[in-house]
Amino acid sequence: HLFSDAAEVGAVRSALLAWYDSCKRELPWRALAANEPDVDRRAYAVWVSEVMLQQTQVATVINYYNRWMQKWPTLQALAAASLEEVNELWAGLGYYSRGKRLQEAARKVVSELAGRMPRTAEELQKLLPGVGRYTAGAIASISYGQATGVVDGNVIRVLCRLRGIGADSSSPAVLDRLWDMANVLVDRSRPGDFNQALMELGATVCVPKAPLCEECPVKQHCHARRRRLAWGWPRCRSAYGPTATSALVFAGAGGCPLCPPATEPWDSSLGVTNFPRKAAKKQPRVARAATCVLERGGCRGAPRYLIVQRPSSGLLAGLWEFPSLPLAPGLQEEKQREMLAGHLQAWGGRPVAAGGLRYVGEVIHIFSHIHQTYVVYSLPVDEDVTLDAALSPSRWVTEEEFHASAVSTAMKKV
Ligand code: SF4
């Protein structure tokens, strides 16, 4: 499975780089990385884009990236920003701790590293909070030219297909081999371009559901395609374990840790998408919360809504929301209202009648690991309601201010 033939490694490198040179998408962080003479600013731009791109589509990221770089063009500018500003700009991008950690790391570079970014993948990972092996490799190869590989979801898919790796691609043993392979493959003179080429191939050609194999620059080297075309598997010369020293045929016959398990044979209706294989995903946790939109008429009739700030750690840390309350499973509607009314009393400083809460509907939002339902109520209140400063921060906002605040997509749906 591994790339052990130098001629083949050379052929894959040149095919990928030539394809990247002619087919790559024009993206703002690539333009900056290509033209910016200051290497640390280059690294900062790559870093911001890589963090935003984790779990998020390129098309969504572009607008956020441009606004971010306009507001904080340097690490120093980001370090001087407040977390509230970071959350406001990040609102809607999801996985909010990413923005927070990016800013914490920027502050560390400014205050502890004299404003100078670490320049190798090892140091980046070691010294910067929130920078994992992938992000460190991307920054070091693209900005500082270090010949180090990267492995993200796109690379996993491409390499598993290219080399017929059918063992669980999320297992540490397989991931280790994929990192080894990425480090062997990476082009020594153009490591950043090579890594981006591999990821670009996964994002645009070797896509999860309907890969464009006939347009693929490395199709001649692809084991999954070879199997799909019924040319048979290449021989697996696995050197793992005493029973696996001779040439073995793919399909796990000889206990090779990278071959597809014998219990999960090739499904010809899936073609190359037989790879990569993953262990079944854990079911998301189901959660319910009652939430209430308190509304009061504002001056000249513009209504205002009450939003409160979430705690500074945990899910959606520091973001603003309508007053909400987690609900125990199976709680009856009447009880739900009573509990919510009791909770709201604290904010409004006066009794709230459960019967005054108007049921509006339910909003479902899927977080990465939580299937969340918000049971939404509304409540009109008088002008003179005052907020208790001893509770968590809260404020009245117009609809426009609400959308400009650090609120999650789930709350916008509410
Ligand atoms: Fe992916 Fe198809 Fe290319 Fe193989 S030939 S790497 S499956 S796009």
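When a ligand or atom number is given, it counts from 1 through the structure's own listing order.
- Near Arg161, meaning under 4.0 Å from any of its heavy atoms, are these atoms of ligand 1: 7 (S).
- Heavy atoms of Cys213 found under 4.0 angstrom from ligand 1 belong to the backbone as well as the side chain.
- Between the side chains of Tyr134 and Asn195, no donor-acceptor pair of N or O atoms lies under 3.5 Å.
- Remark: Arg310 is not positioned above the aromatic ring of Trp320, lacking an NZ or CZ atom under 6.0 angstrom from the ring centre and at most 45 degrees off the axis.
- In summary, Glu8 and Arg163 engage in a salt bridge, as defined by a charged side-chain N under 4.0 Å from a carboxylate O.
- Per-residue contacts place Val272 under 4.0 angstrom from the following atoms of ligand 1 (heavy atoms of the residue considered): 7 (S).
- Within the 2.8 Å limit, Cys222 places no N, O or S atom next to atom 1 (Fe) of ligand 1.
- In this structure, Arg358 and Leu379 have side chains that are not in contact, with every pair of non-hydrogen atoms separated by 4.5 Å or more.
- Of all protein heavy atoms, the one lying nearest to atom 3 (Fe) of ligand 1 is Cys216 SG, 2.4 Å.
- Of all protein heavy atoms, the one lying nearest to atom 1 (Fe) of ligand 1 is Cys206 SG, 2.4 Å.
- In the model, Glu295 has no side-chain atom that pairs as donor or acceptor with a side-chain atom of Trp396 under 3.5 Å.
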